[in-house]
Participant: 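Quick one: the structure is below, and I'll ask about it shortly.
Predicted model only: the values in this text are computed from it and were never measured.
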Amino acid sequence: MTTPPSLWWPPALLAAVLLADALLSQRPPAFISSCLHSVGFPREWWWVLIWAKLLATAGLIVGLWVPGIALASATGVVAYFVAASYAHVRARALGPAFWVNCLGMLALSVAVLVAVAVG
């Protein structure tokens, strides 16, 4: 194990946001449910998204001390939100949930990936 990188806060911020999202998704509020329904994601698979977010959160936190783990986790989060964006575009679900939630999280994830890769 090593000391945390100088730019520790971007992955920590993304981890906190993903953890909050995973916790909210346990009993999803209307904006999460409608988002998942709008892209045709089956309700019986929603648990997979929760675990993916929890694993990404853990990877980002562990990555503060273990070189390479934060980079791998941030790359996975970017891939997750690229796939989510593609699902929205393919389903033509281009409402506020797409522009604010999906693309907002993609932008945050890309910024964290760049910060981790550079820092």
Participant: Check whether L55 and W65 end up in the same hydrophobic cluster, where Ile, Leu, Val, Met, Phe, Trp and Tyr are linked by side-chain heavy atoms less than 4.5 Å apart.
Facilitator: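 In one cluster: no.
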
Participant: Verify the cluster assignment for I69 and L54: are they in a single hydrophobic cluster under the rule of side-chain heavy atoms below 4.5 Å apart?
Facilitator: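 They do not share one cluster, since no chain of ILVMFWY contacts under 4.5 Å joins I69 to L54.
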
Participant: Just how far is it from atom CH2 of W8 to atom CD1 of I61, taken to the nearest 0.5 Å?
Facilitator: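 Here the rounded value is 9.5 Å.
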
Participant: What is the minimum heavy-atom distance between P29 and L24, and which atoms define it?
Facilitator: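 Answer, listing the atom of P29 first, then L24: CD-O, 3.6 Å.
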
Participant: With rounding to the nearest 0.5 Å, note down the distance linking CG in L18 to OG1 in T57.
Facilitator: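 Between L18 CG and T57 OG1, I get 4.5 Å after rounding to 0.5 Å.
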
Participant: Got a sec, which pairs hit salt bridge (Lys or Arg N to Asp or Glu O under 4.0 Å) with one end in residues 67-78, sequence neighbours left out?
Facilitator: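 Salt bridge (Lys or Arg N to Asp or Glu O under 4.0 Å) check on residues 67-78 returns no pairs.
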
Participant: Assigning hydrophobic clusters by single linkage (Ile, Leu, Val, Met, Phe, Trp, Tyr; side-chain heavy-atom cutoff under 4.5 Å), is V62 placed with L13?
Facilitator: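 No, no single cluster joins them.
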
Participant: According to the salt bridge (Lys or Arg N to Asp or Glu O under 4.0 Å) rule, which pairs have a member within residues 97-109, sequence neighbours left out?
Facilitator: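 Residue pairs passing salt bridge (Lys or Arg N to Asp or Glu O under 4.0 Å), neighbours aside: none found.
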
Participant: Which heavy atom in A56 sits nearest to a heavy atom in V77, and how many Å separate them?
Facilitator: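 Heavy-atom minimum between the residues: CB-CG2, 3.6 Å.
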
Participant: Can you run down the salt bridge (Lys or Arg N to Asp or Glu O under 4.0 Å) pairs that involve residues 18-33, sequence neighbours left out, and say none if there aren't any?
Facilitator: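 Found D21-K53.
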
Participant: Report yes or no: does S33 contribute a side-chain atom to a donor-acceptor pair with the main-chain N or O of A30 at less than 3.5 Å?
Facilitator: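 Between the backbone of A30 and the side chain of S33 there is no qualifying donor-acceptor contact (under 3.5 Å).
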
Participant: Can you sort out the partners of W45 under side-chain contact (heavy atoms from CB on, under 4.5 Å), two or more places apart, ordered by chain and number?
Facilitator: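 Partners of W45 under the side-chain contact (heavy atoms from CB on, under 4.5 Å) test: F41, P42, W47, V48.
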
Participant: Show me the donor-acceptor pairs within less than 3.5 Å that the side chains of residues 82-106 make with the rest of the protein, sequence neighbours left out.
Facilitator:
{"residue": "S85", "atom": "OG", "partner": "F81", "partner atom": "O", "Å": "2.8"}
{"residue": "H88", "atom": "ND1", "partner": "A93", "partner atom": "O", "Å": "3.1"}
{"residue": "W99", "atom": "NE1", "partner": "L94", "partner atom": "O", "Å": "2.9"}

Participant: Where is the tightest heavy-atom contact between L60 and A74, given as atom of each residue plus distance?
Facilitator: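 Shortest heavy-atom separation between L60 and A74 comes out as CD2-N, 4.0 Å.
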
Participant: Taking side chain to side chain contact (heavy atoms under 4.5 Å, CB included) as the criterion, tell me which of L14, V114, T75 meets it with S109.
Facilitator: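 In the set L14, V114, T75, the residue that makes a side chain to side chain contact (heavy atoms under 4.5 Å, CB included) with S109 is L14.
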
Participant: Can you name the closest pair of heavy atoms from L64 and P11 and give their distance?
Facilitator: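 Closest pair (atom of L64, atom of P11, distance): CD2-CG, 3.8 Å.
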
Participant: Any salt bridge (Lys or Arg N to Asp or Glu O under 4.0 Å) pairs touching residues 61-78, not counting sequence neighbours?
Facilitator: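 As it turns out, there is no salt bridge (Lys or Arg N to Asp or Glu O under 4.0 Å) pair with a partner in residues 61-78 once direct neighbours are skipped.
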
Participant: Quick check on the hydrophobic clustering: are W51 and V17 connected, directly or via other members, by side-chain heavy-atom contacts under 4.5 Å?
Facilitator: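 They do share one cluster, since a chain of ILVMFWY contacts under 4.5 Å joins W51 to V17.
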
Participant: Can you tell me which residue pairs pass the ring pair (Phe, Tyr, Trp, His ring centres under 6.0 Å) test with a partner in residues 10-32, sequence neighbours excluded?
Facilitator: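 Output for this query is empty, none listed.
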
Participant: What's the shortest heavy-atom distance between A115 and L7, and which atoms?
Facilitator: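 That closest heavy-atom pairing would be O-CD1, 4.0 Å.
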
Participant: Give, for atom CG of L71 and atom CG of L113, the distance between the pair rounded to the nearest 0.5 Å.
Facilitator: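 Separation between the atoms: 6.0 Å.
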
Participant: Quick one: pull up CD1 in I32 and OG in S25 and give me the separation to the nearest 0.5 Å.
Facilitator: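 The distance works out to 4.0 Å.
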
Participant: Going by the rule ring pair (Phe, Tyr, Trp, His ring centres under 6.0 Å), which residues pair with Y80 if we only count those two or more places apart in sequence or in a different chain?
Facilitator: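 Applying ring pair (Phe, Tyr, Trp, His ring centres under 6.0 Å) to Y80 gives none.
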
